[in-house]
Amino acid sequence: MLNIVSILVGLVTLAFGLVAFTPFLGALNWIVIPIGIVGAAIGALSSRNGGRNLNLVLIAIFALRLSIGGGLL
């Protein structure tokens, strides 16, 4: 059950993250990354790894996007 919750949090993270890829909305990644961390923590409590891995990949992608934009763009 926790894996499903983690995947749902990952999908919310992905939806907000896709908006954050829009130019001049990159600062939204400061909100997206903590949501992904919460999803990864929920996934870590699960017996399966799918939700946790999804959130970890999303965190890495959006952290890279944030660093490319200099933390603002």
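The analysis underlying the following values was restricted to heavy atoms, covering all of them including side chains, and did not include hydrogens, waters or symmetry mates.
- In this structure, Leu28 CG and Leu66 CG are separated by 10.5 Å, a value rounded to the nearest 0.5 Å.
- Under the 4.5 Å side-chain heavy-atom criterion for ILVMFWY residues, no single connected hydrophobic cluster contains both Leu25 and Leu64.
- Residue Leu2 comes nearest to Ser46 through the heavy atom pair CB-CB, 3.9 Å, listed as atom of the first residue, atom of the second, then distance.
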Legend entry - Full working for side chain to side chain contact (heavy atoms under 4.5 Å, CB included) between Asn55 and Ser6: CA-CA 8 Å; Asn55 283 297; Ser6 178; 3.0 Å; yes
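- The CD1 atom of Ile31 sits 12.0 Å away from the OG1 atom of Thr13 when rounded to the nearest 0.5 Å.
- One distance of note links CG of Leu58 with CD1 of Ile35; it measures 11.0 Å at 0.5 Å rounding.
- In the hydrophobic cluster analysis, where Ile, Leu, Val, Met, Phe, Trp and Tyr join through side-chain heavy atoms closer than 4.5 angstrom, Leu14 is grouped together with Val19.
- If you take CD1 on Ile33 and CZ on Phe16, they are separated by 14.5 Å, rounding to the nearest 0.5 Å.
- Atom CG in Asn29 sits 11.5 Å away from atom CD1 in Ile59 (nearest 0.5 Å).
- The shortest non-hydrogen separation linking Asn3 to Arg48 is ND2-CB, 3.7 Å.
- For the atom pair Leu8 CG and Leu54 CG, the distance stands at 10.0 Å (nearest 0.5 Å).
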